[in-house]
Structure formats: structure tokens, C-alpha cells
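In listed order, ligands and their atoms are each counted from 1.
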Amino acid sequence: MYIVQIASECAPVIKAGGLGDVVYGLSRELGIRGHGVEIILPKYDCMRYDHIWGMHNAYRDLEVPWDGGAINCSVDCGWVHGQLCFFIEPHSSDDFFNRGCYYGCLDDHMRFAFFSKAALEFLLKTNKCPDVIHCHDWQTGLVPVMLYEIYQYHGLENQRVCYTIHNFKHQGIAGANLLEVAGLYRQEYYYDIDRLGDDQNATAINLMKGGIVYSNYINTVSPHHAWEARFTEVGCGLGHTLHKHQHKFGGILNGIDYNVWNPEVDRYIPYHYSQDNLEEKLKNKKALRERLWLGHSQKPIVCYIGRLDDQKGVHLVHHAIYYAQNRGAQFVLLGSATEPGINDHFWHEKQHLNNSPDCHIEIGFNEELAHLIYAGADMIVVPSNYEPCGLTQMIGLKYGTVPIVRGVGGLVNTVFDRDYDQNKPPEERNGYVFYQTDNQALESALDRAIDLWYKKPKEFRKLVIQGMEYDYSWNHPGAQYVGIYDYIRHK
Ligand SMILES: Nc1ncnc2c1ncn2[C@@H]1O[C@H](COP(=O)(O)OP(=O)(O)O[C@H]2O[C@H](CO)[C@@H](O)[C@H](O)[C@H]2O)[C@@H](O)[C@H]1O
């Protein structure tokens with residue numbers, strides 16, 4: 001099969017969070033399975049050019065119809081760790097992708113609507129005829145809409161679309177002028193509640209809803225979150241739409257790329273290890289302490305790695321920093337916040353704890369440091385309010401870093417409580433799970449983990465190994481996606 005992914009991120013060249021990991025890891029897995037895969041991305045000025053090999057111009061003068069005229073684009077192409085990627089660069093005064101950031105601009109809807117249109121125009125002009133177009137999140141929600149309403153009449157009539165939702169919270173809510181600018185002229189038609197009309201705001205269109213309505217298959221990134229999205233408030237108002245389209249909606253658990261996230265081969269950690277030589281993990285712990293100026297003591301290290309926003313349960317992250325230290329652990333946090341209030345809060349904490357030998361707070365995005373933290377820490381906390389899949393707990397497992405998670409979304413599908421899980425025998429349990437959002441819930445799980453580390457080190461080591469034995473590679477999810485592509489091609 002020939003698959004084209006259209007996305008706003010692809011790790012490590014463009015990565016703001018888990019979406020980038022998934023686009024890269026899934027593409028690689030599909031390639032291993034013998035499928036042809038290409039990835040279309042925006043050409044951001046701030047992407048990591050050092051991860052692109054053989055960048056060259058692939059197409060000049062791509063004229064993308066826009067706002068009654070056209071925007072001239074060029075398309076560059078290069079390999080990102082073996083994956084063929086096309087980068088679209090519009091030349092206009094809007095400077096859509098020369099903003100020094102991936103997201104967070106006032107005209108994000110316009111930027112990504114334009115990108116969606118440009119990606120389709122590129123497929124059309126270059127006579128690329130993928131069997132499946134795979135889009136992700138609100139940024140590319142308009143791709144299936146424009147494919148069905150415009151581009152199938154120009155020649156893209158055999159393409160099927162799989163649409164993956166990584167986060168229901170951001171849906172791309174826009175006004176009528178976006179439709180007009182993008183060439184979707186019949187406003188009342190698109191405003192229909194069964195098409196793009198937003199359920200909460202009658203004057204707005206919802207790009208993610210468009211993705212759901214128009215795609216041949218939609219999925220979110222874990223089975224449990226697929227259920228939550230339909231039946232609880234985490235569907236953020238799209239539960240009804242998902243219910244209507246339930247025949248083409250499912251949950252596929254993400255994988256982890258074990259070529260990138262694997263302590264046996266990780267190029268960013270000083271000492272490689274596996275479950276057979278865990279003493280090497282201890283050396284990484286020492287290296288982490290040296291790197292972050294932490295004291296060398298007989299204490300476990302608890303870490304948090306991730307975006308700092310409401311989704312991630314920041315109030316519990318904050319509490320974990322202090323509670324873990326009170327319980328005789330060290331704490332390392334690596335995170336970045338886009339919301340100014342949360343950012344200020346953690347900067348304040350950082351200054352407050354600056355001289356502590358038992359805590360280090362690193363604010364910003366640092367891929368290399370993340371690897372060392374996964375390798376050097378003993379436990380990782382993931383106290384999310386909601387979590388469609390969650391990659392950090394799966395990476396933690398692979399690195400022998402015991403996850404302590406809140407039982408929501410994909411965390412439920414991947415972490416099984418050592419003491420209480422009823423569905424797994426003790427030898428298949430791999431971490432700690434709590435359910436409520438209050439401090440006591442987190443404390444009880446942290447207590448159990450830290451107690452085991454201090455009082456029963458052999459048992460703790462056993463738990464570490466049981467976690468490392470889990471296979472959360474792309475192997476299984478890759479097969480599931482291929483099954484879906486096949487299904488929508490032949491439907
Ligand atoms: N400051 C920092 N420095 C370095 N690395 C950092 C970092 N902050 C985060 N990362 C890395 O980014 C990734 C984050 O993974 P998450 O599962 O938390 O994704 P996120 O919530 O962004 O995405 C959404 O999409 C993913 C993919 O589908 C879902 O797993 C998830 O539930 C959903 O919210 C991990 O690889 C992590 O190591």
C-alpha cells in the first residue's frame with residue numbers, strides 16, 4: 001500500500017509532544033511492513049534541520065488557491081531518520097510557518113487550513129495517488145473535507161482517509177471566513193450541524209468535527225479513551241458526533257519506537273542496559289545526578305516529563321515534587337508550559353528549589369535530557385486529568401522506570417497496579433495506579449512505590465523487570481492500522 005501522512009509534527013524534526021512521536025514511529029513501522037510511506041509537513045523556520053538528511057527542492061511554483069487568489073509555495077524534500085518527508089513552504093506576507101513556533105499564533109486556524117489545502121494540492125499536482133491519506137488532530141481536519149468536496153472532482157477520487165485524534169481538547173474552532181478563504185463557498189451547507197457546524201457555538205465551525213464526519217475511519221489513541229470520548233465529558237462536546245459515526249470509530253493504542261526509545265541502543269544515554277544488567281541503569285542515575293547537580297545519596301529518583309498544562313494534572317505534579325521529597329526521594333521535572341500562569345508557577349518553583357540537592361526543575365523542551373531522565377530515574381509520575389494514550393509511562397516501562405499513573409485513558413490500558421490489579425496475575429503487573437484527583441490519592445500510590453523501593457528492593461527490582469518485559473512497540477498497533485487501511489480501501 002501507498003500511504004501519505006499529513007501532519008503538523010514528525011519527531012524528531014518537528015516535535016511539540018506525543019503527536020510527533022506517533023507520526024514518525026507509525027510511518028517507520030509501516031515501512032518495515034513493506035508499505036510505501038511519505039509524510040507531508042509544514043516547513044517551519046524553527047524545526048530541527050539537523051535531523052534532515054539530503055534536503056533538496058522537490059517542487060517549485062505550487063500555486064495553492066487561497067482567499068480568491070493563490071499563494072505560491074515551494075516544496076522541499078528530505079529524509080528524517082529514514083522517513084521521506086515533504087516540507088511545504090508558502091511564500092506570502094502571512095509568513096505562515098516563519099513564526100519561531102509550531103503553534104500558539106492567533107491565526108493558527110488559517111495556518112493549518114492553508115497547510116491542509118496545500119498538501120492536497122501537492123498530491124494533485126505531482127500525480128501522487130496514495131491508497132490512504134492518514135491525517136492527525138484538528139490541524140488536518142479539513143483534509144478529508146476538501147478531498148471529498150473539492151479534490152475528488154479534480155482527480156483525487158480514489159483516496160481514503162484515516163483520521164487519528166490525539167487530543168479532543170483542541171478542536172480548531174473557527175469562523176465563517178475560514179471556509180470562504182479555503183474555497184469552501186456554500187456556508188450554510190458547511191454550517192450544518194451534521195457537517196462542520198459546532199455543537200456549542202452556532203456561529204462557529206469545528207475542524208475536528210469535519211475530520212470525523214468526512215473521514216472513512218476515525219480513531220483515537222487507546223481503547224479506553226475511545227470509550228471515554230463517547231460517553232464522558234473528555235469528548236469535549238464531540239461525544240454525540242462520535243456516537244453518530246460509531247460504525248467507523250475505534251481506539252488503537254499507540255506504540256513506542258524501540259529504535260529511538262530503548263536503553264539498549266539509546267544514543268543519548270551514557271550507559272546502555274537491559275533487564276540483564278540493571279547495574280548499568282544505576283550508572284545513568286549517577287550521570288543524571290551529576291548533570292543536574294543533585295546530591296549523591298541512597299534515595300530513589302521520581303521524575304515527571306511532559307507538557308505542563310491542565311490535561312496533565314499540574315496540581316498533582318506540583319504536589320508530587322514536595323511529597324516525594326518528604327518521603328525521602330529526589331524529584332526531577334522536565335516540562336514546558338504554553339499557558340503563562342502555569343509557566344510562571346513552575347518558574348517560581350524552580351527558583352524556590354534552586355539550591356535543593358534533592359530536586360531539579362528544568363523548564364523547556366529538551367529531547368536529549370528527556371532520554372537521560374528516563375534512564376536515570378526510578379519512578380515516573382503521570383497524574384493526568386485525562387490522557388488519550390500517554391507515551392511517557394510506556395517509555396518509562398521500557399527504561400525500567402516504574403510508572404505511577406492516574407487510571408484514565410490509555411494509562412488504564414498500559415499500567416497495571418502491583419498491589420490491586422484484578423485482571424493481571426502478580427507477575428504481569430508493572431506499576432501503580434490511583435484514581436481520584438486529590439493529593440491523598442497520589443500520595444497513597446507514591447507511598448506504596450517508595451516504600452517498596454526502600455523496604456523490599458528485590459521486589460522493586462522484580463517490578464522493574466516485569467515492566468521492561470512488556471512489548472509496547474509499534475508491532476501490534478502497526479498491524480491494526482494496516483487492517484484499517486485495508487478495510488477502508490476495499491469498503
Ligand atoms: N519538555 C520536554 N522535553 C523533552 N521531551 C518532552 C517534553 N515534554 C514532553 N516530551 C516528550 O513528548 C512526548 C509526550 O508524550 P505524551 O503522550 O505526553 O503526549 P502529548 O500529551 O503531548 O500528546 C497527545 O498525543 C499523544 C500521542 O498520541 C498521546 O499519547 C497523548 O495522550 C496525547 O495527549 C514524549 O515523548 C515525551 O518524552
Side-chain angles (χ1 to χ4, degrees), residues 5 7-12 14-26 48 102-103 134-139 163-170 219-226 228-229 234 236 251-258 260-262 266 268-269 303-314 317 332-338 342-343 346 350 360-375 377 380-399 401 403 405-406 408-415 472 474 477 481:
Q5 306 238 25
S8 53
E9 293 181 34
C10 174
I14 306 164
K15 172 167 167 176
L19 168 63
D21 287 309
V22 170
V23 170
Y24 178 82
L26 173 60
R48 295 270 311 251
Y102 301 137
Y103 311 121
H134 193 156
C135 308
H136 302 265
D137 272 353
W138 74 264
Q139 289 87 347
Y163 182 55
T164 300
I165 297 173
H166 302 259
N167 199 334
F168 281 96
K169 189 169 169 207
H170 307 288
N219 73 292
T220 185
V221 287
S222 69
H224 190 62
H225 193 61
E228 290 173 335
V234 301
C236 299
I252 299 181
L253 193 69
N254 285 331
I256 295 291
D257 189 334
Y258 284 161
V260 177
W261 296 110
N262 179 352
D266 190 324
Y268 297 125
I269 64 174
C303 73
Y304 172 83
I305 299 172
R307 293 181 296 107
L308 293 165
D309 76 10
D310 186 49
Q311 169 188 347
K312 302 293 182 184
V314 277
V317 173
V332 171
L333 177 147
L334 171 61
S336 55
T338 46
I342 297 178
N343 190 43
F346 281 94
K350 180 177 169 60
H360 184 92
I361 295 181
E362 185 77 20
I363 297 174
F365 195 92
N366 188 333
E367 181 81 15
E368 290 79 0
L369 178 60
H371 286 251
L372 182 61
I373 298 175
Y374 285 116
I380 181 164
V381 284
V382 193
S384 307
N385 279 325
Y386 72 93
E387 195 61 78
C389 175
L391 302 179
T392 63
Q393 82 284 9
M394 296 201 276
I395 301 172
L397 286 167
K398 185 71 179 169
Y399 283 73
T401 303
V405 308
R406 182 152 175 260
V408 288
L411 299 167
V412 168
N413 296 123
T414 49
V415 181
Y472 288 127
W474 274 104
Y481 276 107

Output for pair (N385 CG, K312 NZ), nearest 0.5 Å, gives 10.5 Å

In this structure, OH of Y304 is separated from CG of L333 (nearest 0.5 Å) by 7.5 Å

To the nearest 0.5 Å, atom CH2 of W261 lies from atom CE of M394 at 12.0 Å

Need the list: ligand 1 N/O atoms against protein N/O atoms, distance under 3.5 Å, rounded to one decimal.
residue: ligand 1; atom: 1 (N); partner: G364; partner atom: O; Å: 2.8
residue: ligand 1; atom: 3 (N); partner: N366; partner atom: N; Å: 3.0
residue: ligand 1; atom: 17 (O); partner: L391; partner atom: N; Å: 2.7
residue: ligand 1; atom: 18 (O); partner: K312; partner atom: NZ; Å: 2.9
residue: ligand 1; atom: 19 (O); partner: G18; partner atom: N; Å: 3.2
residue: ligand 1; atom: 21 (O); partner: R307; partner atom: NH2; Å: 2.8
residue: ligand 1; atom: 21 (O); partner: K312; partner atom: NZ; Å: 2.7
residue: ligand 1; atom: 22 (O); partner: G18; partner atom: N; Å: 3.0
residue: ligand 1; atom: 22 (O); partner: R307; partner atom: NE; Å: 2.9
residue: ligand 1; atom: 28 (O); partner: H166; partner atom: ND1; Å: 2.6
residue: ligand 1; atom: 28 (O); partner: N254; partner atom: ND2; Å: 2.8
residue: ligand 1; atom: 30 (O); partner: G390; partner atom: N; Å: 2.8
residue: ligand 1; atom: 32 (O); partner: E387; partner atom: OE2; Å: 2.5
residue: ligand 1; atom: 32 (O); partner: P388; partner atom: N; Å: 3.4
residue: ligand 1; atom: 32 (O); partner: C389; partner atom: N; Å: 2.9
residue: ligand 1; atom: 32 (O); partner: G390; partner atom: N; Å: 3.0
residue: ligand 1; atom: 34 (O); partner: Q311; partner atom: NE2; Å: 2.8
residue: ligand 1; atom: 34 (O); partner: E387; partner atom: OE2; Å: 3.3
residue: ligand 1; atom: 36 (O); partner: K15; partner atom: NZ; Å: 3.0
residue: ligand 1; atom: 36 (O); partner: D21; partner atom: OD2; Å: 2.7
residue: ligand 1; atom: 38 (O); partner: Y374; partner atom: OH; Å: 2.8

Residue set satisfying salt bridge (charged side-chain N to carboxylate O under 4.0 Å, His left out) with D266, at least two apart, ordered chain then number -> none

Rounded to the nearest 0.5 angstrom, the NZ-CG distance for K398 and N262 is 4.5 Å

Inset, instruction - Measure centre to centre between the rings of Y481 and H134, then say whether the value is under 6.0 Å. - result: yes

